[in-house]
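Written out below as structure tokens is the structure these notes cover.
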Amino acid sequence: MGVIKVHGAAMSTAAQRVFTCLYEKELNFEFVPVDMASGEHKKEAYLSLNPFGQVPALEHGGQKIFESRAITQYIAMEYPEKGTRLASADKPSSSFLIWKEVEAHQFDPVASKLTWEIVLKPMFGMTIDPTMVEEYKAKLAKVLDVYEARLTKSKYLASDSFTLVDMHHLPTINLLMRTQVKQLFNARPRVSAWVADITARPAWTKVLAMQKVNFYPFIILSQIV
Ligand SMILES: N[C@@H](CCC(=O)N[C@@H](CS)C(=O)NCC(=O)O)C(=O)O
């Protein structure tokens, strides 16, 4: 069905979700870097790919798709037999549907807020708001308590197999595990084992390698946060 083109940036957590998916699926793709520093993502040409002016965006077989989780679901359904299965080829299970939404609406808003406060603000020379950090750490702790209980029932969040659900967590977990927030993950044995398992996946290692090549500050992050 033609070339898969990913427009994005190696530093973008949302784009990383898509890169991970393509590596899990062992699919070749063309990475089209978007120069976010110069505001390329807000210009007419890019807005035709994603009207919200955000990365990533995917082009495939004449289709233009945005929203990282829509893109990963599309790839998983388009190539069910390639690489890791990631999603059911036909009717998804109720647990897949539930936990996919949990990541997007319970985990990600809290994890992204913490990432902004503790990881990105210092990088941009901005001051961390300690009240926000404490408030959101408490919120994340509650989400992780639910994950700890869930992971007594299955090895991964949706089932005993690694799926899109687990994969969608990787970019923000990667950043938070380089900060004090890692204690929240490490204090919960099942969550901790799950984090170790999913972050060790070869597909994720390939995404990390892209960051080292394309976004130098991430190399030194662990030393400054
Ligand atoms: N829900 C979107 C979020 C995309 C997003 O927030 N992308 C960020 C980079 S990680 C971005 O483009 N930020 C620039 C902006 O919002 O202007 C997705 O999952 O694709």
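Throughout, residue positions are numbered sequentially from 1 according to the sequence presented. Everything numeric here is computed off the predicted structure, so don't read it as measured data. Ligands are counted one by one from 1 in listed order, and the atoms in each one are counted from 1 as well.
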If you measure from atom 19 (O) of ligand 1 to every heavy atom of P171, S112, S68, which option wins on shortest distance?
->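 That would be S68.
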Could you pull out, from Q16, M36, H41, M11, the option with a heavy atom nearest to atom 11 (C) of ligand 1?
->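 Comparing heavy atoms across Q16, M36, H41, M11, the nearest one to atom 11 (C) of ligand 1 lies in M36.
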Without hydrogens or angle criteria, can the side chains of H41 and Q54 be said to hold a donor-acceptor pair below 3.5 Å?
->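 On atom types as modelled, these side chains do not qualify, holding no pair under 3.5 Å.
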When the ring planes of H60 and Y79 are compared, do they come out parallel, tilted or perpendicular, using 30° and 60° as the limits?
->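 Taking Y79 first and then H60, their aromatic rings sit tilted (interplane angle of 30° to 60°).
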Parallel under 30°, tilted from 30 to 60°, perpendicular over 60°: which one fits the rings of W194 and H169?
->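 It falls in the perpendicular class, over 60°.
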Give me the residue, atom name and distance of the protein heavy atom closest to [atom].
atom                    : result
atom 6 (O) of ligand 1  : Q54 NE2, 3.5 Å
atom 1 (N) of ligand 1  : E67 OE1, 2.7 Å
atom 10 (S) of ligand 1 : S12 OG, 3.2 Å
atom 8 (C) of ligand 1  : V55 O, 3.9 Å

With a cut-off of 4.0 Å, which atoms of ligand 1 are near a heavy atom of [X]?
X   : result
R69 : 19 (O)
P56 : 20 (O)
T13 : 10 (S)

Residue among L22, I4, L86 satisfying side-chain contact (heavy atoms from CB on, under 4.5 Å) with I75 =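 For I75, the side-chain contact (heavy atoms from CB on, under 4.5 Å) test succeeds with only one of L22, I4, L86, which is L22.
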Assess whether atom CG of D160 is packed by more than 12 heavy atoms of other residues, nucleotides or ligands within 6.0 Å.
->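 For D160, atom CG is crowded (more than 12 foreign heavy atoms under 6.0 Å).
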Looking only at distance, does K42 have an N or O less than 3.5 Å from an N or O of ligand 1?
->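 It does: an N or O of K42 is found under 3.5 Å from an N or O of ligand 1.
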State whether the shortest distance between N or O atoms of A14 and N or O atoms of ligand 1 falls below 3.5 angstrom.
->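 No, since none of the N or O atoms of A14 sits under 3.5 Å from an N or O of ligand 1.
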Report yes or no: does a heavy atom of A70 sit under 4.0 Å from some atom of ligand 1?
->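 No, A70 has no heavy atom closer than 4.0 Å to ligand 1.
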So does [X] pair up with [Y], basic N to acidic O under 4.0 Å?
X    : Y    : answer
K82  : E78  : no
K155 : D197 : yes
D108 : R69  : yes

